[in-house]
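Taking it in order: structure first as structure tokens, then the write-up.
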There are 2 protein chains.
Amino acid sequence: MADPMYRVIAEDLQNQIEARMLPAGAQLPTELELRDRYDASRNTVRDAIKWLITRGLVETRPGQGTFVVEKIVPFVTTLTGTPETSSGEGRTYKDEVSALFRQPSATAPRVEIQEASDAVAELGIGADQQVVSRHQERSIDGTPWSLQTSFYPMALVLRGATRLIQAGDITEGTVAYLEETLGIKQVGYQDTIMVRAPHGSESRFFRLPGDGRISVIEVRRTAFDEQGAPVRLTISVYPADRNLFAVNVGQVPESIAAPPSAVLAEPAADSDQSFAAGGAGPAPRQE
Amino acid sequence: MADPMYRVIAEDLQNQIEARMLPAGAQLPTELELRDRYDASRNTVRDAIKWLITRGLVETRPGQGTFVVEKIVPFVTTLTGTPETSSGEGRTYKDEVSALFRQPSATAPRVEIQEASDAVAELGIGADQQVVSRHQERSIDGTPWSLQTSFYPMALVLRGATRLIQAGDITEGTVAYLEETLGIKQVGYQDTIMVRAPHGSESRFFRLPGDGRISVIEVRRTAFDEQGAPVRLTISVYPADRNLFAVNVGQVPESIAAPPSAVLAEPAADSDQSFAAGGAGPAPRQE
DNA sequence: AACGATTTGTTCGTATGTATC
DNA sequence: TGATACATACGAACAAATCGT
């Protein structure tokens, strides 16, 4: 009784969706039809639809209609290191996604040299110095899935890691490349995870409603070498409605840590593994 | 030019806020004043304010006005185990919060016995069996900060852990209690992290706008014993606008892993540490 | 305790713009 | 090109919460 009408309408539609009376992919009645059916105004119906969008139940397509979202299979990103494979190394991004029988794709890295801003303070670099940024867009099954930007101190390039400033993939991965070229070994990292409204460019890439109703997850990975100096900052942005993260600590049964229904993609540097195998990785796994 | 008017208004107000022309805590002009100032309708002004709410810049208080939010100091929750303290053990929730010079508080656990539902499938328990749930509300400096519910298989109570079904704190923590009483040692856990719109009760406790514009973060921690059997499922819910999570893997400099400006509160069982010290915890830390 | 003034919340009706088919 | 459907915008009215008198 106390509930405003737009929520009454929204909850009624939600029940119909969850009872499969409105199956996944189905089109909802138009706003004008709903207005008549609930004897409300079109604006009130639209408020109800916004409420459903926020909960990820429907999506609107201008000129077409409002549709029940297809059941999204969340993509699981494990933040604490991939399990050993037969080669003893972590798998690449594409291998990990393919293991789930899903089709990954990624643009070639776009490379820029920028002034260090506050946003890359984790690299411990002064404001007048420069950083290399390598930016990549990733999709799964044709759906845009994440935006990723890695920052490296420009000093690494001057010391000889010149391929960092070349566009295009570094097939062995930048972590391995830095170890081969400069002997810099990545021994650990810290991820920080936060939720915020999407920027305009993120809304466009992920095709999210422009009013910020669906938020994004930002994961900032700061990687350290043996001296404890930060060597890389990777910022990954994921739409919150189709992603899920996992963290394993201590002994976790293998069937849980790497379930066949999930996939383990780290916010790796470029397209390769982000962590030096054999280093001080995650705790040993029980067998 | 292409931007709709409500976003033009919102971005203008955003600039004023970020330039401190509208300092934290200040009241914005009323909707009617803004309507006159921007020569728009009140509804359009209200759309602009909703856009600012979604970005966490302002809040509305019915009957009072719209205010610039005070700078929120995010509370950092570290998911990969607390650093060793002098005693060699993790700290309790209250100790960890106090270490940041902030005032923690928590309600006494509310204990219930429930049928196992789909929501606790991680415990690997059939639908007709029973679980113990222990629910707690936590606040910091008087601000509601998290809701936490731990589930234990009822079998543990039958085997002698009778204090699980008593309301009130288990001061040494349920993890230590289970090890003392039944010899069950927690050796690892998996956290899964997801973002969703808040339920009604969560909106009320966290005082979030009722339309789900601010989302919550749900962390599900499944803890395992030495046999790889799940012994506990803890579901923690945090409002996304004042929380931040950290994950440390491998060697991370101490100043980063445990910065003085952050605090390390795990989604522990009840109010005590969640992880058996000396077990297969996170990798050793560099000095 | 009661009341009035102020401010945000909800709902309505209408009109026009823009994307899609 | 026209028809359909969602997006934005306007103006108006009343409800509900808050605060001071």
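Throughout, a chain's letter reflects where its sequence line sits, starting with A, and its residues are numbered from 1. When reading the values below, keep in mind they use all heavy atoms of this one structure, side chains included, and skip hydrogens, waters and symmetry mates.
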Side chains of [Y] and [X]: any donor to acceptor distance under 3.5 Å?
X	Y	result
B/Gln16	B/Asp12	yes
B/Ser236	B/Gln148	yes
B/Arg138	B/Gln136	yes
B/Arg134	B/Ser150	no

### Query
If every non-hydrogen atom of B/Gln114 is compared with every non-hydrogen atom of B/Ser133, which pair is closest and at what distance?
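Smallest heavy-atom distance, with atoms named: NE2-OG, 3.5 Å.
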If you take all heavy atoms of B/Leu22 and B/Gln27, which pair is closest and at what distance?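 Scanning both residues, the minimum pair turns out to be CD2-O, 4.5 Å.
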Measuring from atom CG of B/Asn43 to atom NZ of B/Lys50, what distance do you get when rounded to the nearest 0.5 angstrom?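 Here the rounded value is 8.0 Å.
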Charged N to carboxylate O under 4.0 angstrom, [X] versus [Y]?
X	Y	answer
B/Glu33	B/Arg35	no
A/Glu202	A/Arg204	no
B/Arg110	B/Glu112	yes
A/Arg20	A/Glu18	no

### Query
Of B/Leu34, B/Ile9, B/Asp39, B/Ile49, which meets side chain to side chain contact (heavy atoms under 4.5 Å, CB included) against B/Thr44?
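Of the listed residues B/Leu34, B/Ile9, B/Asp39, B/Ile49, the side chain to side chain contact (heavy atoms under 4.5 Å, CB included) partner of B/Thr44 is B/Ile9.
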List the residues meeting ring pair (Phe, Tyr, Trp, His ring centres under 6.0 Å) with A/Phe151, not counting sequence neighbours, and say none if there are none.
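In terms of ring pair (Phe, Tyr, Trp, His ring centres under 6.0 Å), with neighbours along the sequence ignored, A/Phe151 is linked to no residue.
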Expected string for nucleotides 8-13 of chain D under the B/S/- scheme (protein heavy atoms, under 4.0 Å, primed atoms plus P, OP1, OP2 as sugar-phosphate) is BBBBBB
>> Between A/Tyr238 and A/Phe245, is the ring centroid distance below 6.0 Å?
In response: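 They qualify: ring centres under 6.0 Å apart.
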Quiz item: For the helix from C/dA2-D/dT21 to C/dC21-D/dG2, what is the angle between the axes at its two ends, each from 5 pairs, rounded to 10°?
Solution: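 Comparing the axis at each end, I get an angle of 10°.
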Review point. Where along residues 49-71 of chain B does a heavy atom fall under 4.0 Å from DNA chain D?
Key: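 Correct list: B/Pro62, B/Gly63, B/Gln64.
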Practice prompt. Under 4.0 Å from any atom of DNA chain D, heavy atoms only: list the residues of residues 199-207 of chain B that qualify, in numerical order.
Written response: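 Residues of residues 199-207 of chain B that come under 4.0 Å of DNA chain D do not exist, since none gets that close.
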ask   = Is the number of heavy atoms from other residues, nucleotides or ligands within 6.0 Å of CZ (A/Arg61) greater than 12?
value =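 It does: A/Arg61 CZ has more than 12 such atoms within range.
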5' to 3' on DNA chain C, which nucleotides open and close the contacts with chain A (atom under 4.0 Å from a heavy atom)?
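Under 4.0 Å from chain A, the extent on DNA chain C is C/dT10 to C/dC21.
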inquiry  = What is the separation between atom CD on B/Glu31 and atom C1' on D/dT18, rounded to the nearest whole Å?
reply    =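 Value for this atom pair: 15 Å.
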